[in-house]
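One structure is given below, encoded as structure tokens.
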Number of protein chains: 2
Amino acid sequence: MTLEIPEVVINRLPVYARALADLAARGETVVSSQALGEMLDVTPAQIRKDLSYFGRFGKQGRGYNVQGLLAKLREILGIDRQWRVCLVGVGRLGQAIAEYGGFGPQGFQIVAAFDANPDVVGKQVGGVTVRHIDDLDAYLRANRVDIGIVAVPASEAQSVVDRLVNAGIKAILNYAPITAHVPRDVTIRHIDPVLAMQSMTFYIKRSESSGAK
Amino acid sequence: MTLEIPEVVINRLPVYARALADLAARGETVVSSQALGEMLDVTPAQIRKDLSYFGRFGKQGRGYNVQGLLAKLREILGIDRQWRVCLVGVGRLGQAIAEYGGFGPQGFQIVAAFDANPDVVGKQVGGVTVRHIDDLDAYLRANRVDIGIVAVPASEAQSVVDRLVNAGIKAILNYAPITAHVPRDVTIRHIDPVLAMQSMTFYIKRSESSGAK
DNA sequence: GCCTGTGAAGGATTTCACAGCC
DNA sequence: GGCTGTGAAATCCTTCACAGGC
């Protein structure tokens with residue numbers, strides 16, 4: 001029905017949306033694929049092609065209406081609403097996530113947090129009281145949660161992912177350094193700064209050996 | 001000379017290396033591309049093809065020697081050595097990064113941290129004393145730093161990136177929610193949980209509208 | 001018999017290039 | 001004249017499939 005939209009395209013849309021929000025904040029009202037492409041190091045053709053999967057949003061000779069396109073993208077992505085997020089793992093990393101102020105303004109509300117450590121359970125982090133991990137399933141049965149954030153040690157991560165999946169959660173943001181398995185109808189994204197650095201070193205090494213300054 | 005290796009391939013190698021380290025820790029001595037692929041949700045052919053860019057590491061009929069392949073990958077990626085990292089931005093996020101214990105064991109040593117806020121300058125985080133951002137250039141001139149981590153507010157991020165680039169840094173890990181520009185000989189990776197979530201909502205939305213249970 | 005390494009085929013994604021519209 | 005939307009071409013990446021070695 002919906003002709004299949006490449007995942008790479010979906011992954012770029014939030015980047016476009018962010019740039020458009022920026023332009024809007026700066027008072028810009030129109031932008032061309034050329035100009036947007038320069039902001040984002042993306043070719044204009046790519047932007048136009050990506051958008052063409054969803055409709056025709058531009059005007060020839062003019063470009064795109066910033067507010068209009070932003071609204072469209074927000075709707076397409078579903079970021080025009082509030083999403084309920086739960087956090088599993090409230091160690092150092094989990095606490096930083098809970099207290100990171102960047103999710104709320106984007107519509108991602110952390111509604112619950114869980115941990116196994118009794119020293120942490122009952123504490124207040126980022127506006128919620130930490131519950132015991134044993135209450136996870138009951139909580140998810142009783143409350144709508146759209147996205148799970150996993151911030152537990154690697155050894156626990158797959159089993160936490162499994163519990164989230166079994167409770168019907170369809171989107172998981174995993175900070176644990178493992179490749180977690182999920183069924184095909186569940187979306188998972190991995191945040192792993194170590195992997196990111198480990199791929200960069202390949203290029204540093206190379207630049208040192210060849211054209212070192 | 002070195003025939004061009006696709007960046008996607010380079011990005012997968014650290015994942016392979018992590019899985020191999022896992023296998024080694026569990027005492028496994030050999031692994032087939034089949035078995036490794038199952039661990040990582042990757043096709044065996046893809047693993048073999050990826051590795052074939054760098055050499056012939058396996059034995060027909062047997063598979064790969066876990067320790068041997070791991071050592072090779074570590075050498076290829078350059079993660080067999082220590083890398084010197086500096087952190088710019090020691091707000092909440094920056095502090096969490098400085099105190100995150102996951103970098104050191106992987107060979108990424110944070111050797112300096114910088115911030116503009118006088119309340120933070122002089123404080124001790126993650127084993128280093130925070131310096132004033134005005135000392136960044138002098139520090140980079142006097143000390144080898146391989147990788148810069150940017151954890152400043154969006155509004156400051158591009159200018160910090162520029163300063164790192166001008167000081168000759170060839171790899172940047174950017175946590176700020178912007179698309180930063182770098183010259184082609186500089187590698188940059190973006191860590192942005194919000195973008196990750198914003199692409200997942202597209203799929204949640206879809207799964208809700210279609211086969212919702 | 002099992003599994004690698006790899007050309008060749010297939011598929012996916014990006015870029016080109018231009019008709020059409022403002 | 002400037003810029004979108006889009007088929008077609010080009011490029012890039014993945015998968016197939018099998019020869020060859022263990």
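Residue numbering restarts at 1 for every chain, and letters A, B, ... go by the order of the sequence lines.
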Note to self: Does C:dT15 have OP1 or OP2 under 4.0 Å away from a side-chain N or O of A:Thr43?
What the structure shows: yes
Next item on the list: Starting from the C-alpha separation in whole Å, work towards a yes-or-no answer on side-chain contact (heavy atoms from CB on, under 4.5 Å) for A:Tyr203 and B:Ile10.
Entry: CA-CA 9 Å; A:Tyr203 294 102; B:Ile10 301 303; 3.4 Å; yes
Item checked: Of the listed nucleotides C:dG5, D:dC3, D:dG20, the one nearest the side chain of A:Gln60 -> D:dC3
Next item on the list: Report the distance from atom CD1 of B:Ile149 to atom CD1 of B:Ile172, rounding to the nearest 0.5 Å.
Entry: 11.0 Å
Check: Less than 4.0 Å between a side-chain N and a carboxylate O, is that true for B:Asp22 and B:Arg18?
Finding: no
Check: Given atom CZ of B:Arg56 and atom P of C:dC3, what is their separation to the nearest angstrom?
Finding: 18 Å
Check: Taking the side chain of A:Ser32 as its heavy atoms from C-beta onward, which of C:dT14, D:dC3, D:dT6 lies nearest to it?
Finding: D:dC3
Note to self: Nearest to the side chain of A:Ala45, heavy atoms from C-beta on, is which of C:dG5, C:dT15, D:dC22?
What the structure shows: C:dT15
Next item on the list: Could you check whether B:Arg48 gets within reach of a base, just the sugar-phosphate, or nothing at all, counting any heavy atom under 4.0 Å?
Entry: base
Check: Which nucleotide sits closest to the side chain of A:Gln46: D:dG5, C:dT4, C:dT14?
Finding: C:dT14
Item checked: Integer-rounded Å distance: D:dC3 C1' and A:Lys59 NZ -> 12 Å
Note to self: Side-chain N or O of B:Ser33 versus OP1/OP2 of C:dT4: is the shortest distance under 4.0 Å?
What the structure shows: yes
Note to self: Can you identify which nucleotide, out of C:dA8, C:dT14, D:dT6, has its nearest atom closest to the B:Lys49 side chain?
What the structure shows: C:dA8
Note to self: Pick the closest DNA chain C nucleotide for A:Val9 and for A:Gly61 by heavy atoms, then say which residue is nearer the 5' end.
What the structure shows: A:Val9
Margin query: Surrounding CZ of B:Arg81 (heavy atoms of other residues, nucleotides or ligands, distance under 6.0 Å), is the total greater than 12?
Written below: yes
Check: Can you check the A:Arg12 CZ to C:dA12 C1' distance for me, whole Å?
Finding: 12 Å
Checklist line | Spacing between B:Glu7 atom CD and C:dT14 atom P, to the nearest angstrom | finding: 13 Å
Check: Taking CD from A:Glu4 and P from C:dG11, how many angstroms apart are they, rounded to a whole number?
Finding: 16 Å
Margin query: Any side-chain N or O of B:Tyr53 below 4.0 angstrom from OP1/OP2 of D:dC13?
Written below: no
Next item on the list: Calculate the interatomic distance between A:Leu51 atom CG and C:dT14 atom C1'; express it in whole Å.
Entry: 15 Å
Note to self: Rounded to whole Å, please give me the gap between CD1 in A:Ile10 and P in C:dT13.
What the structure shows: 11 Å
Margin query: Counting only heavy atoms from other residues, nucleotides and ligands, does the tally under 6.0 Å from CZ of B:Arg84 exceed 12?
Written below: yes
Check: CG of A:Asn65 versus P of D:dT4: gap in Å, rounded?
Finding: 13 Å
Checklist line | From D:dC3, D:dC13, D:dT15, nucleotide with atom closest to B:Pro6 side chain | finding: D:dC13
Margin query: I want to verify a distance call: between D:dC13, D:dT15, C:dT13, whose nearest atom is closest to the B:Val8 side chain?
Written below: D:dC13
